Number of protein chains: 2
Amino acid sequence: MKKKDYNADKYDKPSVTVDMIIFTVKDDDFNVLLVKRNIPPFENYWALPGGFVRIEESLDEAAKRELSEETGVKDVYLEQLYTFGNPKRDPRTRVITVAYFALINSKDLELKASTDVSDVKWSSVYKMPELAFDHKTIIEYAVKRLRWKMEYTTVGFKLLPKKFTLSQLQNIYEIIFNKKFDKRNFRKKILSLGLIEPTKEKTMNVSHRPAELYSFKRKIGEIIEIL
Amino acid sequence: MKKKDYNADKYDKPSVTVDMIIFTVKDDDFNVLLVKRNIPPFENYWALPGGFVRIEESLDEAAKRELSEETGVKDVYLEQLYTFGNPKRDPRTRVITVAYFALINSKDLELKASTDVSDVKWSSVYKMPELAFDHKTIIEYAVKRLRWKMEYTTVGFKLLPKKFTLSQLQNIYEIIFNKKFDKRNFRKKILSLGLIEPTKEKTMNVSHRPAELYSFKRKIGEIIEIL
DNA sequence: TGAATAGTGTCTTTCAGACAATATGCC
DNA sequence: GGCATATTGTCTGAAAGACACTATTCA
C-alpha cells in the first residue's frame with residue numbers, strides 16, 4: 001500500500017496531546033513539575049502537565065502554551081523529547097502524546113511560586129510518587145536525554161539565572177548527574193569553552209569569601225542545537 | 001486549565017501518520033528511499049514512504065509495517081526521529097507525522113531489488129529531487145541525526161552485512177560524512193572499541209590482496225542505545 | 001581567629017591526528 | 001613484475017583526570 005488512498009477520515013483518528021517535563025534545580029534537588037489529576041482516568045494521581053493539541057496550533061506552540069499555563073514563564077529552553085504512542089497507554093481511548101522537556105532556572109521560578117496551589121508541585125526526580133499513565137517512563141526517558149545532552153552540549157546552562165557563580169553551575173551538574181566533580185577540573189573545563197565571562201560583580205551578603213558572578217556571551221543557543 | 005475536561009472528542013483530531021526515512025549506502029552513494037505519489041496533494045512528486053497509524057497499533061508497529069511494505073526487509077535498525085506537526089505541512093487537512101529512520105545494509109537490499117518498480121527509487125541524499133510536503137526538511141533532519149549518532153555510537157555498523165572488511169566500514173563513514181578519513185587512525189579507533197573480531201575468512205576473487213572479513217561480537221545493540 | 005566557601009597549578013595518562021612503507025594476491 | 005588494495009607503528013599535541021593548598025569575607 002503506497003498511499004493509494006488519501007482519505008484521512010477513512011481511519012479512526014487518535015487524540016494527540018503534549019506532555020511537559022519541566023525540570024528545575026531547586027533547594028539542591030533535581031525537580032520535575034507534577035499536577036494532580038482531578039478527573040478519571042487516574043483520578044487523584046500525580047501526572048505530567050499537558051493537554052490536547054489544538055487543531056490550528058503546531059506542536060511547539062501547544063507545548064509553549066501548556067508551559068506558560070502551568071508556570072507562567074516564557075523564555076525557557078524547550079525541546080521535543082519523544083512521541084509515545086502505545087495504544088494501551090491511556091485506558092480509555094487512543095491517545096498519542098508528544099513529550100517536550102523544558103529547563104527553568106531557579107530565578108524565574110520564584111515568580112510563579114504563588115501558583116503553588118495544592119494540585120501542582122515540584123517533585124524530586126529521585127523520589128517520585130506513583131504517576132498516571134506511562135508518565136514515569138516518560139520522565140525516565142527525559143532524564144536520560146537531559147544527562148546525555150549535558151555531557152555534549154551546554155543545555156545545562158539554561159538552568160541558571162543570567163548571573164551565576166561557577167559553584168552554582170557545578171552544583172547543578174552534581175545534582176543532575178548525582179555525583180561529585182573535581183572543582184579545579186570543572187572550572188578549567190567550563191572556562192576553556194569560552195562561553196562565559198566574569199562580570200564585575202560578586203555575590204553579596206555571604207558569610208564567607210564572595211564569589212565572582214559570570215554571565216553568558218550569548219551564543220549558547222547555537223551550541224545546544226546539535227541534533 | 002489543568003485537564004479539567006477529559007472529553008477527547010471535544011476537539012477536532014488531527015490525523016497521524018508515520019513517515020520512513022530509509023537509508024542505505026549503495027554504489028558508493030548515500031541513499032534514501034523515495035516513492036512517487038500518484039494522488040493529490042503533491043501528485044507526481046517524490047515523497048517519503050509512509051502512511052496512517054492505525055488505531056490499534058503502536059507507532060513502532062506502524063513504522064515496522066510501513067518498512068516491511070516498502071522494502072520487505074525486517075531485521076533492521078529503526079529509530080524514532082522526530083514528530084512534525086506544523087498545521088500547514090499538509091495543505092488539505094491537519095496531519096501530524098512521526099518520522100522514523102531505518103538503516104538497511106547493502107546485502108539485504110538485493111533481496112528486494114525486484115520491487116524496484118517505477119514509483120519507488122533510491123535517491124542520493126546529495127542530489128534529491130523536489131519533494132512533497134516538508135519531506136526535504138525531514139530528511140535533512142534525519143541526516144543530521146544519523147551523523148551525530150555515528151560519531152558517538154556504533155549505529156553505522158547497521159549499514160553493513162554480517163561479515164565485512166574494515167575498508168567497507170571506512171567507506172560507509174566516508175560516504176555518509178562526505179569526507180576522507182586516515183586509514184590507520186580509522187582502523188586503530190575501530191579496533192580499539194573491541195566490538196568486532198576477525199573471522200578466519202578473507203574476501204575472494206579480488207584482483208589484489210584479499211582483505212580480512214570481520215564480524216560483530218553481538219552486543220552492539222546496547223551501545224547504540226544511548227538515546 | 002575560626003568558619004565557610006572561593007580560587008588556583010602541575011603532573012600523568014589517554015586519545016586524536018599527522019604521516020609512509022611493506023605485504024599479498026591476481027594478472 | 002606490475003597493479004591494486006590491505007595492513008601496520010610512531011610521534012606529537014590536546015584534553016581529561018588525579019590531587020592540596022592559599023585567599024577572602026563575615027561573625
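Numbers restart at 1 for each chain; the letters A, B, ... are given by sequence-line order, proteins then strands. None of these values were measured; they are calculated from a predicted model.
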Q: Using a heavy-atom cut-off of under 4.0 Å over every strand shown, decide if S167(A) touches base, sugar-phosphate, or nothing.
A: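 Result for S167(A) = sugar-phosphate.
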Q. Is S192(A) touching bases, backbone alone, or none of the nucleic acid, heavy atoms closer than 4.0 Å?
A.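 Here S192(A) touches no strand at all.
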Q | Y152(B)/Y152(A) aromatic ring centres below 6.0 Å | A |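 For Y152(B) and Y152(A), the ring centres are under 6.0 Å apart.
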Between [X] ([atom1]) and [N] ([atom2]), how many Å, whole number?
X       : N      : atom1 : atom2 : answer
F181(A) : dG7(C) : CZ    : P     : 19 Å
Q168(A) : dG7(C) : CD    : P     : 11 Å
E212(A) : dG7(C) : CD    : P     : 6 Å
L169(A) : dA6(C) : CG    : P     : 12 Å

(Q) Would S124(B) and D29(B) count as a side chain to side chain donor-acceptor pair (under 3.5 Å) here? Give the steps. (A) CA-CA 6 Å; S124(B) 167; D29(B) 204 353; 3.1 Å; yes
Q: Please test D19(A) against T97(A) for side chain to side chain donor-acceptor pair (under 3.5 Å), starting from the C-alpha separation and ending with a verdict.
A: CA-CA 6 Å; D19(A) 280 324; T97(A) 195; 2.9 Å; yes
Q) Any salt bridge between E201(A) and K163(A), counting N to O under 4.0 Å? A)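 Yes, charged N to carboxylate O under 4.0 Å.
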(Q) Any carboxylate oxygen within less than 4.0 angstrom of a Lys/Arg side-chain nitrogen, looking at E151(A) and R147(A)? (A)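 Judged by the 4.0 Å cut-off on N to carboxylate O distance, E151(A) and R147(A) do not form a salt bridge.
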Q. Could you walk me through whether F164(B) and F216(B) pass the ring-ring contact (aromatic ring centres under 6.0 Å, His included) check?
A. CA-CA 9 Å; F164(B) 56 90; F216(B) 305 115; 4.9 Å; yes
Q: Could you point out which residue of V53(A), T17(A), L59(A) forms a side-chain contact (heavy atoms from CB on, under 4.5 Å) with V98(A)?
A: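 Only one of V53(A), T17(A), L59(A) forms a side-chain contact (heavy atoms from CB on, under 4.5 Å) with V98(A), namely L59(A).
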Q) Of all nucleotides in DNA chain D with an atom under 4.0 Å from a non-hydrogen atom of chain B, which is the first and which the last going 5' to 3'? A)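 So the contact region on DNA chain D extends dA4(D) to dT10(D).
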Q.
Run the side chain to side chain donor-acceptor pair (under 3.5 Å) test on Y77(A) and E79(A) for me, step by step, so that the C-alpha distance in whole Å, both residues' side-chain angles and the decisive distance to 0.1 Å come before the verdict.
A. CA-CA 7 Å; Y77(A) 181 75; E79(A) 170 179 327; 2.4 Å; yes
**Q.** Contact letters for nucleotides 18-27 of chain C, in which S counts primed atoms plus P, OP1 and OP2 and B counts the base, heavy atoms under 4.0 Å
**A.** BBB--BBBS-
